[in-house]
Amino acid sequence: MRRPNFIVILIDDLRFDEFGAGGHPYMETPHIDRLAREGAIFERAFHTTPICSPNRASIMTGQYASRHGIIDNVARDAMSHRLPNYHLALQKLGYETAHIGKWHMGNDGRPRPGYDRWVSFDGHGRLADPKLNIDGAYEQRQGYITDLLNEEALTFIQNRKKKPFSLFLAHKAVHPDAEQAADGTLSLIGYVPAERHRDLYKGRVFPKTPNMLAPEEVVKAKPAWREAFELKKSERSRALLAPIQAGSQEEIRLRAAMMASVDEGVGQILAALGKSGELENTLILFLGDNGYFFGEHGLGPERRFAYEAGIRSPFVLRFPPLVKAGARRKELVICQDIAPTLIELAGGKPGPHIQGLSLVSLFKNRKRSWRKSILIEYWAEQALPWLVGMSYKAVRTERHKYIRWLNRSRNGELDEIYDLERDPWELKNLSGSRSSAAVRARLKRELKRLVAEASGL
């Protein structure tokens with residue numbers, strides 16, 4: 001087998017169910033759905049620090065945030081120039097590499113080590129008429145940013161190459177226009193679909209689920225949220241949320257409309273690869289960088305938290321030489337698994353600094369044990385003013401979840417435990433239940449093990 005090409009398509013803030021094949025009730029994404037139909041959907045793929053900068057660094061390095069050090073959205077520009085990015089390994093293995101799109105590990109949009117081609121922008125960039133950094137020089141461009149990034153990706157793919165290539169295409173969609181200061185404080189401006197898609201889903205309704213509850217109901221099982229919900233009522237908090245129409249059906253519709261131009265780009269990429277004869281030898285991975293809430297547990301843009309809609313990722317992998325078409329995988333997969341997978345398929349050996357596991361072993365049915373639990377970790381930061389001291393460590397097993405609130409919980413009185421088999425909507429907190437004492441003790445031991453392991457000592 002020739003060494004494969006790699007295309008990773010990363011969507012900003014995309015929920016696990018926010019595409020057609022993922023279960024969205026009205027969004028049409030025929031080209032992304034083709035990836036799922038001809039590849040595999042990982043139904044239990046997770047973000048281990050479910051916010052932008054830390055999780056992007058985890059994808060690039062194959063490491064937990066505890067190890068790579070990008071723990072929040074503060075502008076850690078210098079650190080992000082020094083990450084052990086898997087593209088550095090691919091370059092050494094003879095690959096031509098490109099980063100096209102959002103970087104956002106620091107607000108600096110200049111080229112990072114590991115790339116032969118670089119197209120990015122400072123911070124969150126702009127949805128319309130963005131200023132792009134092209135291989136180190138800034139250029140003002142006209143047009144819708146998703147279309148521009150799709151065009152840049154096609155140009156890179158279509159240029160004839162003597163080497164195999166690796167493209168990391170990081171869309172700004174479906175994130176709204178926003179401005180984030182170097183200290184991580186945030187102001188939101190609003191969602192903007194391409195003009196041709198503005199009214200695409202007008203009047204459509206995303207159905208309510210059992211865990212879409214009012215805050216006063218949520219805090220009965222989740223007391224850690226009492227203060228945050230009170231602070232969220234403040235004028236300052238409401239002013240931050242108003243531009244994105246947080247919690248409304250219009251917010252969900254606008255995000256769906258923004259995905260239409262992403263899907264068009266996926267179709268263009270598939271067509272270009274088919275025309276060049278490279279489609280069957282190209283691994284294409286489609287995923288998000290963190291989840292999002294549509295009202296589950298009284299939450300919206302508080303994507304940072306360890307409930308399923310926040311930590312689950314869309315994770316679709318098409319690679320015919322290895323991946324059976326139409327497969328639905330149940331294994332616990334994390335974003336750190338991407339780097340070792342691509343390095344192994346490129347003919348290299350993942351270094352000891354990489355904490356993820358290569359997915360190749362799953363597809364080749366190698367007789368090795370797979371993980372039975374994952375760590376989720378979050379450090380309190382100041383992007384959203386109503387979230388004060390909300391740091392946590394959590395463990396998610398195949399059946400249970402345990403959330404340990406760190407900053408304010410003195411004796412675990414705010415902790416949460418859910419039996420996801422019996423309670424998939426995470427409504428019944430078992431933390432104080434005597435009958436769950438053994439489960440709690442087991443989960444605490446597993447959490448301690450994972451926290452120590454993540455630090456890389």
Side-chain angles (χ1 to χ4, degrees), residues 9-33 50-52 101-102 104 121 123-130 143-150 170-180 186-209 212 232 237-267 286-296 298-303 309-310 312-314 383-384:
I9 303 173
L10 183 70
I11 311 303
D12 199 340
D13 282 2
L14 194 72
R15 286 166 53 109
F16 72 97
D17 58 356
E18 220 169 351
F19 64 107
H24 197 285
Y26 58 78
M27 190 192 300
E28 297 178 4
T29 52
H31 303 297
I32 299 168
D33 293 353
I51 57 171
C52 187
K102 188 173 182 178
H104 200 227
F121 42 81
H124 285 286
R126 282 285 180 270
L127 286 165
D129 301 334
Y144 187 61
I145 194 166
T146 307
D147 297 339
L148 295 173
L149 297 179
N150 287 334
H171 278 295
K172 176 173 169 57
V174 291
H175 200 289
D177 261 335
E179 294 179 355
Q180 192 151 30
L186 184 70
S187 63
L188 299 171
I189 299 169
Y191 297 101
V192 183
E195 186 61 36
R196 63 188 180 278
H197 301 137
R198 185 171 296 276
D199 296 322
L200 189 59
Y201 299 114
K202 191 173 183 178
R204 303 301 295 270
V205 174
F206 193 94
K208 186 176 181 179
T209 57
M212 292 179 178
K232 197 173 179 179
S237 298
R238 294 199 309 271
L240 179 62
L241 292 167
I244 63 170
Q245 304 175 73
S248 70
Q249 289 289 337
E250 185 63 12
E251 179 186 32
I252 300 172
R253 286 192 287 264
L254 288 171
R255 290 166 62 93
M258 289 176 72
M259 278 297 293
S261 48
V262 171
D263 189 70
E264 289 172 354
V266 173
F286 172 88
L287 76 159
D289 71 334
N290 48 249
Y292 202 85
F293 296 104
F294 286 166
E296 296 89 349
L299 303 175
E302 301 95 340
R303 56 183 73 72
R312 285 183 65 187
S313 177
L384 303 178

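- Within the 3.5 Å criterion, the main-chain N or O of Phe16 finds no donor-acceptor partner in the side chain of Glu18.
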| task | Check the pair His104 / His124 against side-chain contact (heavy atoms from CB on, under 4.5 Å), numbers first and verdict last. | result | CA-CA 7 Å; His104 200 227; His124 285 286; 3.6 Å; yes
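- Arg15 places no side-chain N or O within donor-acceptor distance of the main-chain N or O of Ala309, the cut-off being under 3.5 Å.
- Ser261 OG to Ile145 CD1: the interatomic distance, rounded to the nearest 0.5 Å, is 10.5 Å.
- Contact check for Ile11 versus Leu287: no side-chain heavy atoms found under the 4.5 Å cut-off.
- Proximity of a side-chain donor or acceptor of Asp289 to a complementary backbone N or O of Asp13 within less than 3.5 Å is detected.
- Note on residues 21-32: pairs passing side chain to side chain donor-acceptor pair (under 3.5 Å), not counting sequence neighbours, are Thr29-Asp33.
- Closest of all the heavy-atom pairs between Pro50 and Asn290 is O-CB, 3.3 Å.
- Pairing each heavy atom of Ala383 with each of Gln180, the nearest pair is CB-NE2, 4.0 Å.
- When every heavy atom of Met27 is checked against every heavy atom of Ala256, the shortest pair comes out as CE-CA, 3.6 Å.
- With contacts defined as side-chain heavy-atom distances shorter than 4.5 Å, the pair Pro130/Lys172 does not qualify.
- Judged by distance alone, the side chain of Asp177 and the main-chain N or O of Ile189 form no donor-acceptor pair under 3.5 Å.
- Checked by atom type and distance alone, the side chain of Tyr191 never pairs as donor or acceptor with a backbone atom of Gln245 at under 3.5 Å.
- Closest approach of Gly247 and Glu251 over heavy atoms only: N-OE1, 3.0 Å.
- Atom CD1 of residue Ile51 and atom CD of residue Glu302 lie 13.0 Å apart, to the nearest 0.5 angstrom.
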| message | Before you tell me yes or no, could you show the steps for Cys52 and His175 under side-chain contact (heavy atoms from CB on, under 4.5 Å), namely the whole-Å CA-CA distance, both residues' side-chain angles and the distance that decides it to 0.1 Å? | response | CA-CA 10 Å; Cys52 187; His175 200 289; over 6 Å; no
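- At least one donor-acceptor pair closer than 3.5 Å links the side chain of Arg303 to the backbone N or O of Pro301.
- Contact check for Pro25 versus Pro207: side-chain heavy atoms found under the 4.5 Å cut-off.
- Figure legend: cation-pi geometry between Arg255 and Tyr292, with NZ or CZ positioned under 6.0 Å from the six-membered ring centre and within 45° of its axis.
- Tyr144 and Leu127 make their closest contact through CD1-O, 3.3 Å (heavy atoms, listed as atom of the first residue, atom of the second, distance).
- The two residues Ser313 and Gly288 have their closest heavy-atom pair at OG-N, 3.4 Å.
- Here Arg312 pairs with nothing under the side-chain hydrogen bond (donor to acceptor under 3.5 Å, both in side chains) rule; sequence neighbours left out.
- Using the six-membered ring where Trp is involved, Phe294 and Phe206 have ring planes that are perpendicular, over 60° apart on the 30 and 60° scheme.
- In this structure, the side chains of Arg198 and Val192 come closer than 4.5 Å at one or more pairs of heavy atoms.
- Residues Thr209 and Glu296 are in side-chain contact: their nearest non-hydrogen atoms beyond the backbone lie under 4.5 Å apart.
- In this structure, the side chains of Lys232 and Leu384 stay at 4.5 Å or more apart for every pair of heavy atoms.
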| field | Evaluation steps, side-chain contact (heavy atoms from CB on, under 4.5 Å), between Thr146 and Glu264 | value | CA-CA 10 Å; Thr146 307; Glu264 289 172 354; over 6 Å; no
